[in-house]
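Atoms considered below: every heavy atom in the structure, side chains included; atoms not considered: hydrogens, waters and symmetry mates. Just so you know, these numbers come straight off a predicted model, no measurement behind them.
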Amino acid sequence: MSQPSEPATDTAGPTSRGGQLGPATAVFVAHRSLLFTVAYEMLGSAADAEDVLQETWLRWAGVDLDSVRDQRAFLVRIATRQALDRLRTLSRRRESYIGPWLPEPLLTAPDVAEDIELAESVSMAMLLVLETLTPTERAVFVLREVFELEYAEIAEAVEKSPAAVRQTAHRARGHVAARRPRAVVSPADARAALQAFQRAVESGDLQGLLDILAPDVVYLGDGGGAVQATLRPVVGVDKVGRLLTTNLTRFGADTSVEPVQINGRPGLVFRRDGGIEGVLAMHIEDGLITGFYLVRNPAKLSRVQRETTLRRR
């Protein structure tokens with residue numbers, strides 16, 4: 001049985017006469033974007049989040065709906081448990097990843113950037129902070145701080161007592177607070193910084209480029225061992241400025257550059273010969289770029305072909 005897709009063109013789940021969605025399918029489709037967002041924030045991988053949705057659907061399709069008091073909470077609980085199992089496996093796999101591991105970038109609609117809390121929670125910078133949590137800490141933090149679930153609901157999802165969940169949430173909040181991006185920038189300021197960066201790159205104005213980089217700016221590149229990328233983080237305005245000048249000019253005149261929203265933040269998509277060469281996401285604080293995240297691993301570029309719908313509710 002395949003997973004219901006979005007929108008309501010699905011025929012995978014039970015349907016009533018006339019081709020309309022059956023009750024289980026209709027509920028699942030209504031919550032699909034929320035469930036994807038939960039799984040993606042826990043995993044940092046759209047491909048794995050889709051697998052979690054498939055597993056969630058298979059379990060949901062066999063549930064007696066009359067016995068479910070809160071369908072949203074029930075679905076989130078299933079998705080969380082599936083994501084936790086997968087996250088424990090992924091954590092071991094990422095230890096042998098070639099070079100820096102970056103989350104799979106998503107092309108997002110402007111409404112994600114307008115939801116400041118959602119945009120921060122799915123940003124590259126925040127997802128990398130979440131990578132430093134244990135799987136259970138990450139699940140608890142995401143469900144409490146992003147999706148605002150009650151402790152009792154989270155306890156059921158992670159199979160811990162409410163008291164243990166409160167302690168885990170407190171520990172995770174402190175861990176994230178010490179590492180999270182310092183400032184939240186408005187969409188307008190983010191666009192202005194992106195435009196200034198693009199002008200500096202296209203004109204070859206090195207000084208103009210350096211002027212919009214924070215002193216402690218960090219550059220991470222993810223090629224996954226499949227394509228060329230930096231194997232270690234590059235830190236500092238001078239080193240990052242030189243690296244950007246070299247790397248971005250390497251794309252050549254036959255490469256188009258498109259400003260987009262990547263994970264709710266400003267970014268650029270580089271295209272050549274009809275294919276995507278890379279995705280550059282950025283983090284901006286106080287008008288300066290503090291982080292660059294260049295994803296070139298071909299296995300991670302499929303979700304920038306079309307917008308992904310993200311939801312917190």
Side-chain angles (χ1 to χ4, degrees), residues 36-52 79-106 108 112 117-147 154 157-158 168-182 184 216-226 229-235 262-265 267 279-283 285 290-297 299-301 303 308 310:
F36 175 87
T37 309
V38 170
Y40 177 75
E41 293 208 20
M42 286 184 60
L43 301 170
S45 164
D48 287 294
E50 290 289 356
D51 287 344
V52 165
T80 298
R81 289 176 180 174
Q82 298 307 311
L84 265 174
D85 289 343
R86 187 167 291 262
L87 182 57
R88 294 183 178 109
T89 301
L90 291 176
S91 297
R92 293 189 293 271
R93 192 185 308 164
R94 288 170 189 171
E95 292 175 358
S96 60
Y97 196 81
I98 299 175
W101 179 92
L102 290 176
E104 186 176 351
L106 304 178
T108 51
V112 174
E117 291 183 1
L118 178 60
E120 183 192 20
S121 71
V122 298
S123 69
M124 288 283 189
M126 178 56 78
L127 289 174
L128 287 175
V129 172
L130 295 182
E131 282 291 310
T132 64
L133 298 174
T134 68
T136 301
E137 287 174 343
R138 185 167 184 168
V140 170
F141 181 87
V142 166
L143 294 178
R144 180 63 181 172
E145 300 301 315
V146 181
F147 299 97
I154 300 172
V158 300
T168 301
H170 177 75
R171 186 169 60 249
R173 275 195 298 269
H175 187 96
V176 171
R179 295 164 176 79
R180 78 188 309 158
R182 293 186 298 273
V184 176
D216 57 350
V217 61
V218 177
Y219 175 101
L220 297 172
D222 180 346
T230 55
L231 294 179
R232 294 179 181 82
V234 179
V235 182
I262 297 294
N263 290 51
R265 293 285 190 255
V279 174
L280 183 66
M282 305 176 197
H283 183 73
E285 295 179 9
T290 61
F292 288 99
Y293 313 97
L294 179 64
V295 180
R296 297 200 64 217
N297 185 347
K300 294 185 177 184
L301 299 178
R303 296 301 287 242
T308 296
L310 300 175

Just verifying a value: how many Å separate [X] [atom1] and [Y] [atom2], rounded to the nearest 0.5 Å?
X: Leu90; Y: Leu43; atom1: CG; atom2: CG; result: 6.0 Å
X: Thr230; Y: Tyr219; atom1: OG1; atom2: OH; result: 5.0 Å
X: Thr134; Y: Leu87; atom1: OG1; atom2: CG; result: 9.0 Å
X: Arg180; Y: Leu130; atom1: CZ; atom2: CG; result: 9.0 Å
X: Ser45; Y: Leu127; atom1: OG; atom2: CG; result: 11.0 Å
X: Phe147; Y: Leu118; atom1: CZ; atom2: CG; result: 7.5 Å

For [X] and [Y], which heavy atoms make the closest approach, and how far apart are they?
X: Pro100; Y: Gly221; value: CD-O, 3.4 Å
X: Ile262; Y: Gly267; value: CG1-CA, 4.2 Å
X: Ala229; Y: Gly223; value: CB-N, 3.4 Å
X: Asn297; Y: Ala226; value: OD1-CB, 4.4 Å
X: Val52; Y: Gln82; value: CG1-CB, 4.0 Å
X: Leu128; Y: Pro103; value: CD2-CD, 3.8 Å

Paired with Phe141, the side-chain contact (heavy atoms from CB on, under 4.5 Å) test is passed by just one of Arg144, Arg138, Glu137, Glu145, namely Glu145
Could you check whether any side-chain heavy atom of [X] comes within less than 4.5 Å of a side-chain heavy atom of [Y], counting everything from C-beta outward?
X: Phe292; Y: Val234; result: no
X: Val218; Y: Thr290; result: no
X: Ser121; Y: Val142; result: no
X: Leu220; Y: Pro233; result: yes
X: Lys300; Y: Pro105; result: yes

Show your reasoning for whether side chain to side chain contact (heavy atoms under 4.5 Å, CB included) applies to Arg179 and Thr132.
CA-CA 9 Å; Arg179 295 164 176 79; Thr132 64; 3.9 Å; yes
Once salt bridge (Lys or Arg N to Asp or Glu O under 4.0 Å) is applied, what residue pairs with a partner in residues 84-93 remain, sequence neighbours excluded?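 Salt bridge (Lys or Arg N to Asp or Glu O under 4.0 Å) check on residues 84-93 returns Asp48-Arg86, Asp51-Arg86, Glu55-Arg86, Asp85-Arg88.
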So salt bridge (Lys or Arg N to Asp or Glu O under 4.0 Å) across residues 94-104, not counting sequence neighbours, yields Arg94-Glu131
Residues two or more places apart in sequence or in another chain: which of them pass side-chain contact (heavy atoms from CB on, under 4.5 Å) with [X]?
X: Ala139; answer: Met42, Thr80, Leu84, Val158
X: Ala125; answer: Ser123, Pro181, His283, Tyr293
X: Arg81; answer: Arg77, Glu159
X: Thr308; answer: Phe36, Leu106, Arg303, Leu310

- Examine distances only and state if a side-chain atom of Asn263 and a backbone atom of Met124 form a donor-acceptor pair shorter than 3.5 Å. no
Decide, yes or no, whether a salt bridge links Glu120 with Arg265 under the criterion of side-chain N to carboxylate O below 4.0 Å. no
